[in-house]
Peer 1: 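Provided herewith is a single structure, encoded as structure tokens, for subsequent inquiry.
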Amino acid sequence: MLNLKDQNILILGLGESGLSMARWCVFCGANVWVVDDRETPPHLATLKAEMPQVQFIRGGFEAGVLNAVPVKAVFKSPGLSPTVVKDLWTHAQSLGLSVGTELTLFALAMNELKLKSLYAPNVLAVTGTNGKTTVTSLTAALLRRAHMTVAVAGNIGPALLDTLRTCLKPEMLEQLRAFDLAALEAQIAPSSAQAQALVAHEDIHEVSQKQLHEATGPELGEIGSENGDTDTDIGADGDDVPKALTQDKDEVPLEPLEEQGAVSDVTSLQARQSMTEPAPSALALASASGSATEVVIPFEQLRAQQLLERFPWLPDLPQTWVLELSSFQLQGVSEFEATAATILNISQDHLDWHSDMEDYIQAKAAIFGEKTQRILNREDPRVMAFVPAAKEKVKQALGAKTKSKASAAPIWVEFGYEMPVRAGDFGVEQVNGMAWLVRALPESGLKIKKNQALEELEIQRLMPVDALRIFGRHNASNALAALALASTTQAKLAPMLYALREYTGEPHRIQSVQIIEGVEYIDDSKGTNVGATVAALEGLGHDRKLVLILGGEAKGQDFSPLVQPINRFARAVILIGKDAQQIQEALSTVNVNIVRAQTMQDAVVQASRAAKSADAVILSPACSSFDMFNNYAHRAQVFVQAVQELSEMGAMQSNDDAMDLNSVAGPGPKVQA
């Protein structure tokens with residue numbers, strides 16, 4: 001961010017992220033070149049209109065580009081696969097140039113903000129083959145309901161850097177460039193040390209107001225209270241009650257208390273409160289019993305106050321960032337360090353972009369930094385492979401008397417559609433035929449035990465699964481993931497549960513369209529891979545039979561994982577799209593009818609014929625849409641239109657039947673169709 005000023009930067013690709021990177025680099029004062037191999041990139045006109053100073057190069061991503069452009073760093077758009085840019089990328093690294101992606105630039109900017117201003121918000125990151133958008137949106141909704149300021153960005157849109165740029169102004173960057181945090185800390189430290197020395201003196205109660213003022217300096221404020229300030233709440237009977245004892249049970253943090261560490265950044269609740277209040281004194285005296293009681297302003301609080309005076313815009317920055325990150329965005333990133341992150345699930349997807357399944361999994365793994373709290377789906381073995389192992393013991397120098405101690409591994413929390421088996425985990429409990437979202441309360445002050453017996457856990461029931469407005473087993477799991485992720489912040493549980501109950505879901509993800517003659521039609525057009533369709537079948541099929549509309553552009557996927565859920569939950573399968581034959585061959589062992597349809601309208605009609613009353617027809621294609629439609633939203637639009645036409649045809653038929661009955665019956669009461 002700050003170091004980009006006057007640097008020469010090359011950006012590969014002019015899609016949405018490429019345009020966002022160009023805007024960001026120009027905003028930071030860099031000289032920018034953009035290269036794209038398409039004849040007319042989608043955002044070329046916007047680039048020329050907004051940033052005429054940016055140099056555009058139309059051509060391939062060849063190593064020779066670096067001979068023509070005197071750049072110091074190269075950043076790749078996430079949509080470009082590593083194989084496409086391999087030659088240029090390798091050559092850039094051999095020249096010692098900095099290389100990275102959109103997420104690299106975001107991570108570097110956040111690191112600089114922290115180093116310069118101590119801005120350290122919660123960064124919550126979400127990835128997985130399916131459910132990313134739902135969990136990202138839901139997590140943000142939970143936190144906003146708990147009165148936290150939240151920024152949402154990434155694969156869900158808008159772009160990471162566009163969102164960050166809207167939070168800042170050019171003059172803010174100049175203020176940060178001119179500021180020396182180390183110098184401020186050196187200025188504050190002596191005053192803080194002097195104040196603490198005065199408190200420690202045995203004759204402290206005799207210190208005069210003048211001496212105190214001289215010790216702390218006028219810039220650190222005056223005495224805050226004649227009686228002294230204490231960290232207490234007032235009880236019902238007027239007694240002081242320590243705040244730690246008044247904490248609501250629902251607010252127990254997921255991580256053990258000793259793991260949390262001291263909060264000292266300016267985004268903490270304590271710092272935000274201090275920013276809006278006058279600075280208290282460096283110490284206050286109380287002599288009720290003739291002895292001194294010390295109230296020394298911590299160094300961190302003094303520093304936060306000074307930072308606020310220099311950067312009054314700091315409290316306006318988001319307290320929490322919630323990021324949806326695809327494997328494309330995570331590929332090759334090493335600088336990113338989220339506060340907490342989740343991999344929801346892993347199944348085959350984008351194998352036309354990644355070299356193989358292992359490459360896809362490793363890209364997902366980049367969401368976890370060294371200190372990131374991991375939120376893991378215990379029902380997915382591939383996800384559970386990322387349970388952090390204890391780190392190796394640190395070797396001591398020869399002759400050292402101290403024992404070696406293994407450094408703590410990152411904390412992890414599990415979720416899934418079963419009872420939790422560890423303290424702090426989330427799950428589902430069956431109570432008298434009703435399913436409840438629950439969590440096993442963490443043991444306050446104690447580390448979570450890996451194999452703690454279930455009967456030892458204290459289970460807290462949160463809300464019935466039926467109270468959710470998003471339905472399906474997989475959405476209950478998504479709700480638990482969002483709760484687990486949001487609970488890593490300081491947000492209170494009660495308002496988050498209200499938000500969870502109110503959440504209605506994302507467009508084109510398990511959305512009910514209409515019920516016609518007892519058959520419900522469901523739009524899951526965003527189910528663009530096999531894993532998403534498996535989740536939809538398993539999430540909805542326990543209560544009724546399903547007629548599945550499937551097909552499109554296969555993207556090199558293996559469709560065999562669909563065989564078992566189709567056999568178990570489906571009444572019929574309607575195939576559409578370019579790769580319908582390939583999919584039919586992969587499903588040759590299913591024991592239900594497979595019908596081919598040429599258009600979406602035909603598919604809906606065929607599905608209506610196969611369905612019985614109380615069934616559901618679901619569009620969950622497991623494929624991309626580009627063979628027949630502009631995108632998955634356009635595919636959904638055509639599906640909804642076809643369902644509406646089917647409904648109108650049924651209404652017309654009912655009217656015709658009613659007219660025939662009336663004509664036969666002759667005069668008399670009309671028959672209601």
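These numbers come from a predicted model, not from an experiment.
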Peer 1: Within the side chain of T136, is there an N or O that forms a donor-acceptor pair under 3.5 Å with the backbone of T133?
Peer 2: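 Between the backbone of T133 and the side chain of T136 there is no qualifying donor-acceptor contact (under 3.5 Å).
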Peer 1: For Q564, does the CD atom sit with more than 12 other heavy atoms under 6.0 Å from it, leaving out its own atoms?
Peer 2: no
Peer 1: State whether the side chain of T533 and the backbone N or O of S620 hold a donor-acceptor pair below 3.5 Å, judged by distance alone.
Peer 2: yes
Peer 1: Determine yes or no for a side-chain-to-main-chain donor-acceptor pair under 3.5 angstrom, with Y521 supplying the side chain and V640 the backbone.
Peer 2: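 Side chain of Y521 to backbone of V640, a donor-acceptor pair under 3.5 Å: no, none is there.
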Peer 1: Within the 3.5 Å criterion, strictly below it, is a donor on T127 or K364 matched to an acceptor on the partner's side chain?
Peer 2: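 Side-chain D/A pair, T127 to K364: present.
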Peer 1: Is there a donor-acceptor contact under 3.5 Å from the side chain of E337 to the main chain of K371?
Peer 2: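 Judged by distance alone, yes, a pair lies under 3.5 Å.
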Peer 1: If the test is side chain to side chain contact (heavy atoms under 4.5 Å, CB included), which one of L437, L462, L480 qualifies with L500?
Peer 2: L437
Peer 1: Step by step, would you call F106 with W321 a ring pair (Phe, Tyr, Trp, His ring centres under 6.0 Å)?
Peer 2: CA-CA 11 Å; F106 179 85; W321 289 77; 5.3 Å; yes
Peer 1: Roughly how far apart are L485 CG and T139 OG1, rounded to 0.5 Å?
Peer 2: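 It is 4.5 Å, given to the nearest 0.5 Å.
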Peer 1: Would you please classify the geometry between the H508 ring and the Y632 ring as parallel, tilted or perpendicular, with 30° and 60° separating the classes?
Peer 2: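 If you compare the ring of Y632 with that of H508, the planes turn out perpendicular.
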Peer 1: Could you check whether any side-chain N or O of T101 sits under 3.5 Å from a backbone N or O of K76, counting only pairs where one atom can act as donor and the other as acceptor?
Peer 2: no
Peer 1: Using a distance-only test with no angle check, is there a side-chain donor-acceptor pair under 3.5 angstrom linking S613 and E517?
Peer 2: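 Checked: S613/E517 side chains show no N/O donor-acceptor pair below 3.5 Å.
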Peer 1: Does the side chain of P495 reach to within under 4.5 Å of the side chain of H147, using non-hydrogen atoms?
Peer 2: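 Answer no - side chains too far apart.
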Peer 1: Take Y503 and T134, measure what side-chain hydrogen bond (donor to acceptor under 3.5 Å, both in side chains) needs, and give me the verdict at the end.
Peer 2: CA-CA 10 Å; Y503 182 73; T134 295; 4.7 Å; no
Peer 1: Looking at E358 and R382, is any side-chain nitrogen of the basic one under 4.0 Å from a carboxylate oxygen of the acidic one?
Peer 2: no
Peer 1: Could you tell me whether E50 atom CD has more than 12 heavy atoms of other residues or ligands within 6.0 Å of it?
Peer 2: yes
Peer 1: Check the pair D523, S525 against side-chain hydrogen bond (donor to acceptor under 3.5 Å, both in side chains), reporting the backbone distance first and the verdict last.
Peer 2: CA-CA 6 Å; D523 170 18; S525 182; 4.6 Å; no
Peer 1: Would you please say whether a donor-acceptor pair under 3.5 Å links the side chains of E506 and S137?
Peer 2: yes
Peer 1: Which heavy atom of F336 sits nearest a heavy atom of A107, and at what distance?
Peer 2: CA-CB, 4.0 Å
Peer 1: With no hydrogens and no angle check, is any side-chain donor or acceptor of R145 less than 3.5 Å from a backbone partner on Y498?
Peer 2: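 No.
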Peer 1: Counting only N and O atoms by type, is there a donor-acceptor contact under 3.5 Å from the side chain of Q557 to the main-chain atoms of A622?
Peer 2: yes
Peer 1: Return all side-chain donor-acceptor pairs below 3.5 angstrom for residues 151-167, not counting sequence neighbours, or 'none' if the list is empty.
Peer 2:
from : atom 1 : to   : atom 2 : distance (Å)
N155 : ND2    : E324 : OE2    : 2.8
D162 : OD1    : S20  : OG     : 3.2
D162 : OD1    : R165 : NH2    : 3.1
D162 : OD2    : R23  : NH1    : 3.2
T163 : OG1    : A159 : O      : 2.9
T166 : OG1    : T163 : O      : 2.6

Peer 1: Can any side-chain N or O of R378 pair as donor or acceptor with the backbone N or O of E418 at less than 3.5 Å?
Peer 2: yes
Peer 1: Taking atom CZ of F386 and atom CH2 of W412, what is their separation to the nearest 0.5 Å?
Peer 2: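 F386 CZ to W412 CH2: 14.5 Å, rounded to 0.5 Å.
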Peer 1: Can you tell whether the side chains of E429 and R461 come within less than 4.0 Å, N to carboxylate O?
Peer 2: yes
Peer 1: Is it true that D524 and R509 have a side-chain N and a carboxylate O under 4.0 angstrom from each other?
Peer 2: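 Between R509 and D524 there is a salt bridge, with a charged N closer than 4.0 Å to a carboxylate O.
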Peer 1: Which one of Q514, E648, M600 satisfies the side chain to side chain contact (heavy atoms under 4.5 Å, CB included) criterion with V643?
Peer 2: Q514
Peer 1: With a 3.5 Å distance limit and no angle check, can you tell me whether N478 reaches the backbone of V135 through a side-chain donor-acceptor pair?
Peer 2: no
Peer 1: Distance-only, no hydrogens or angles: does the T342 side chain make a donor-acceptor pair with backbone N or O of I375 under 3.5 Å?
Peer 2: yes
